Number of protein chains: 2
Amino acid sequence: MTSTTLKKISEVLGLSISTVSRALKNHPDISEKTKQKVIELATTLDYEPNANAIHLRTKNSKVFGVIVPSISNFFYDSFIASVEEESRKMGYSLIILQSSDNAEIELNNLKLCRQNRVNGIFVCITPSTQNIQPFLRLSEFNIPVIFFDKVPEFEACNKVCLADTQAAIIAANTILSKNKKKVLGIFGNKNMSITKKRLTAFEDAFTLKKNILHVEYAHSKEEAHAITKQQLSLKHKPDTVFCMSDEILAGAMKAIQELHLTIPKDVAIISMSNGFFPKLYYPEITYVETSGYKLGQLAFSRMISYLAGSTFMQELTLDCILIEGQSI
Amino acid sequence: MTSTTLKKISEVLGLSISTVSRALKNHPDISEKTKQKVIELATTLDYEPNANAIHLRTKNSKVFGVIVPSISNFFYDSFIASVEEESRKMGYSLIILQSSDNAEIELNNLKLCRQNRVNGIFVCITPSTQNIQPFLRLSEFNIPVIFFDKVPEFEACNKVCLADTQAAIIAANTILSKNKKKVLGIFGNKNMSITKKRLTAFEDAFTLKKNILHVEYAHSKEEAHAITKQQLSLKHKPDTVFCMSDEILAGAMKAIQELHLTIPKDVAIISMSNGFFPKLYYPEITYVETSGYKLGQLAFSRMISYLAGSTFMQELTLDCILIEGQSI
DNA sequence: ATTTTTTTTGCAAACGTTTGCGATTATGTT
DNA sequence: AACATAATCGCAAACGTTTGCAAAAAAAAT
């Protein structure tokens, strides 16, 4: 069976297509009697309007595009989950594309969004994305692009970010206030602006106690694991480990378990995190919250305000708070 | 600027719309010269075909719908990630909807899929879904529905599942082969068919050593944590813990850390898992792999074969394998 | 009974494509 | 030069809606 259309209903009822259309949207022009008839037949025939036809006709797809480096990732997941919730509430659907950390696929995903005439795009660029002109060009077609989390460093565009600087400062100050003597700070990919921001702020906070801070870079859980294991095996080992991200935290924690160290007695640990991982461990890890969920809400509200007319570039920042566990 | 259309291109070039259309798809009827001209203008004008118009005209949306209880979940994530990959390769897009464990929202998501005239639906029903008729009815409109993971228990439909029974047996046999004396088995929601399957098979495997198995049910990480803590605090405590899922594993591990027990010396642990969590701990946890990623691939291939004509109901099963860590 | 007003409905164009078929133009053959 | 053939191209309908406007029908007013 092919799906029901307005035409089919109109033919059965001997009405015009337009009357059926109006009846179904409760247009005041249509009499109650015909409305009744139409609605009844529509439900028995399981009528569902063809979204493509509507979008074509109204030039409004009611769809947002979301482009992320990877779907199976805590942070992006919770971001997507919140954007999806908000979108559904407002009658929007989501097309979700993952770029697999590949700039070429990313570009193709962008193209897909355009072909679908999405009303807006949320994008977190991959670390390897060099050219963001294709994204910026979309504004010429009046389709807003909200960059989130990993955002272009220099270009003027709509950005929604965590307060990375603030978050790093909070973490650093927490460590300093506990009078720690030797801190291992593990950061991510040195080339990413997010790493730079966090690192700079973190180091600045340690400016008076520069000598107690040792910084390392890890590009994966495994590297974080190796670094932590190695550093914590030194005779003069760190008394505190700071992890820039959940991934790094996971690696570090594995090393700590491996070395049978007790937290926070043998070593203290503090992280920046989406909130899920820290609660996995005992004692629970103290962390500066970098909530993908909240960031999603912020990004969505920015999208809505953009669509409502506030089209000038804005850089929004999500405040971070310290969530205390018992790890430091 | 409004987006470029075939019409616009045709007007600039003094050609007909159909010629432009054909030129862009490299139709043999069109001369090389005009193809050149058309393609050149199209690229400078940044032409992207309107997917809605194409779908309307061709009656083929090239879109699959994915409906899951929740997006931010390891298992569903990896499922979605793999379906997304495969889909992109074959020129399909994905509309991803989450039901938030709410049957009503789920139904609405189904409606959205229909309105978008998706070519097929992957759905994992919520635990509270009672009536799956609306799903089954879609086959009347020739749109295939592939149920995965949490599938309807009785109805004839296309199902793609993990080999839950086999997986539970593997886990049980692994425990038995190690000559364990007291086993705590923690299972999930008793009402879900997936729990029943796993539990039945697990208990059957212990049929000769019934007395060494103690079963508990946990509906969350926190419950799993509490149960494990309580059981492992007994004087005659279990020497082995089996966890039916990642979520339960996470709770159990937290309790084990809290009690400062050493794995596998003080207590052994084995789980069913997607594979991410077990590698988070040291020593790594031995688990029976229940891969969302592989399940996604299986589901996708089923979808493709359905679309290719094999429309009879099938129940596919993904073999499970034991991944050895050092936890038992 | 006629006109006016109000209520109810239908016509037709438009959204941007694709595609069968016919028309035009160019090329080749005698 | 006349014709046949092949290479290019355009017309127009269709996909399923929405919507301004006009038309028809019913109700109200004279």
Side-chain angles (χ1 to χ4, degrees), chain A residues 1-39 41-42 45-63 91 114-119 141-143, chain B residues 1-39 41-42 45-63 91 114-119 141-143:
Chain A
M1 194 168 86
T2 165
S3 53
T4 317
T5 67
L6 292 183
K7 191 171 168 194
K8 213 175 289 180
I9 297 180
S10 74
E11 281 167 357
V12 175
L13 258 34
L15 289 169
S16 78
I17 295 178
S18 39
T19 302
V20 175
S21 171
R22 290 189 172 100
L24 286 173
K25 11 179 58 75
N26 203 25
H27 193 287
D29 269 9
I30 309 299
S31 73
E32 283 306 323
K33 273 180 299 179
T34 42
K35 277 184 193 170
Q36 294 278 330
K37 281 195 304 183
V38 170
I39 291 174
L41 184 60
L45 253 48
D46 242 334
Y47 172 75
E48 288 292 349
N50 183 322
N52 286 312
I54 296 178
H55 299 164
L56 180 60
R57 164 66 220 224
T58 62
K59 289 173 159 256
N60 184 353
S61 66
K62 282 287 197 173
V63 170
R114 285 193 51 200
Q115 295 183 349
N116 280 284
R117 300 293 189 270
V118 298
N119 288 141
F141 296 98
N142 294 316
I143 121 162
Chain B
M1 193 167 85
T2 164
S3 53
T4 317
T5 67
L6 293 183
K7 192 172 166 193
K8 213 175 290 180
I9 297 180
S10 74
E11 281 167 356
V12 176
L13 259 33
L15 289 168
S16 77
I17 294 178
S18 40
T19 302
V20 175
S21 171
R22 290 190 172 100
L24 286 173
K25 8 179 60 75
N26 203 25
H27 192 287
D29 268 10
I30 309 299
S31 73
E32 284 305 324
K33 273 180 298 178
T34 42
K35 275 183 194 170
Q36 295 277 331
K37 282 196 303 181
V38 169
I39 291 174
L41 185 60
L45 253 48
D46 241 336
Y47 171 74
E48 288 293 350
N50 184 320
N52 286 311
I54 295 178
H55 299 163
L56 181 60
R57 165 66 220 224
T58 62
K59 289 173 159 258
N60 184 352
S61 65
K62 281 288 194 173
V63 171
R114 285 193 52 200
Q115 294 183 351
N116 281 284
R117 300 294 190 269
V118 298
N119 287 140
F141 295 99
N142 294 317
I143 119 162

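For clarity, every value in this text was computed on a predicted model and none was experimentally measured. Chain A is the first sequence line, chain B the second, and so forth, proteins listed ahead of strands; every chain is numbered from 1.
The phosphate of C/dG16 has OP1 or OP2 within less than 4.0 Å of a side-chain N or O from A/K59. Distances shown here put every side-chain N or O of A/T58 at or beyond 4.0 Å from the OP1 or OP2 atom of D/dT17. Distances shown here put a side-chain N or O of B/S31 below 4.0 Å from the OP1 or OP2 atom of D/dC9.
Computed from coordinates, the B/H27 NE2 to D/dC9 C1' distance equals 11 Å when rounded to whole Å. The separation between B/L24 atom CG and D/dC9 atom P is 13 Å, rounded to whole Å. Whole-Å rounding puts the B/K62 NZ to D/dC15 P distance at 22 Å. C/dC15 atom P lies 13 Å from atom CZ of A/R117, rounded to whole Å. For the pair B/K37 NZ and D/dT8 C1', the computed distance is 12 Å after rounding to whole Å. For the pair A/L56 CG and D/dC15 P, the interatomic distance rounds to 14 Å; values are reported in whole Å. One can place CG of B/N26 at 12 Å from P of D/dT8, the figure rounded to the nearest angstrom. Here the P atom of nucleotide C/dG16 and the CG atom of B/N60 are 21 Å apart, to the nearest Å.
Taken from OG in B/S10 to CG in B/L13, the straight-line distance is 8.5 Å, to the nearest 0.5 Å. The OG atom of A/S3 sits 11.5 Å away from atom CD of B/Q115, with the distance rounded to the nearest 0.5 Å. The OG1 atom of A/T58 lies 7.0 Å from the CD1 atom of A/I54; values are rounded to the nearest 0.5 Å. For the atom pair OG1 of A/T5 and CG of A/N50, the computed distance is 9.5 Å after rounding to the nearest 0.5 Å.
Sorted by first and then second residue, the salt bridge (charged side-chain N to carboxylate O under 4.0 Å, His left out) pairs involving residues 5-33 of chain B (not counting sequence neighbours) are B/E32-B/K35.
For B/A53, counting side-chain heavy atoms from C-beta on, the closest listed nucleotide (C/dT9, C/dT17, D/dG16) is C/dT17. Proximity note for B/L6 (side chain, C-beta onward) versus C/dT17, D/dG16, D/dT17: the nearest is C/dT17.
Within the 4.0 angstrom heavy-atom criterion, only backbone atoms of the sugar-phosphate kind lie near B/N50; the bases stay farther away.
Position along DNA chain D of the nearest nucleotide to B/K35 versus A/D29 favours B/K35 as the more 5'-ward residue.
Not counting sequence neighbours, the partners of A/T19 by the side chain to side chain contact (heavy atoms under 4.5 Å, CB included) test are A/L15, A/S16, A/I30.
Residues from residues 10-22 of chain A with heavy atoms under 4.0 angstrom of DNA chain D, sorted by number: A/I17, A/S18, A/S21, A/R22.
Side-chain N or O atoms of A/S61 include one that pairs as donor or acceptor with a backbone N or O of A/R117 at under 3.5 Å.
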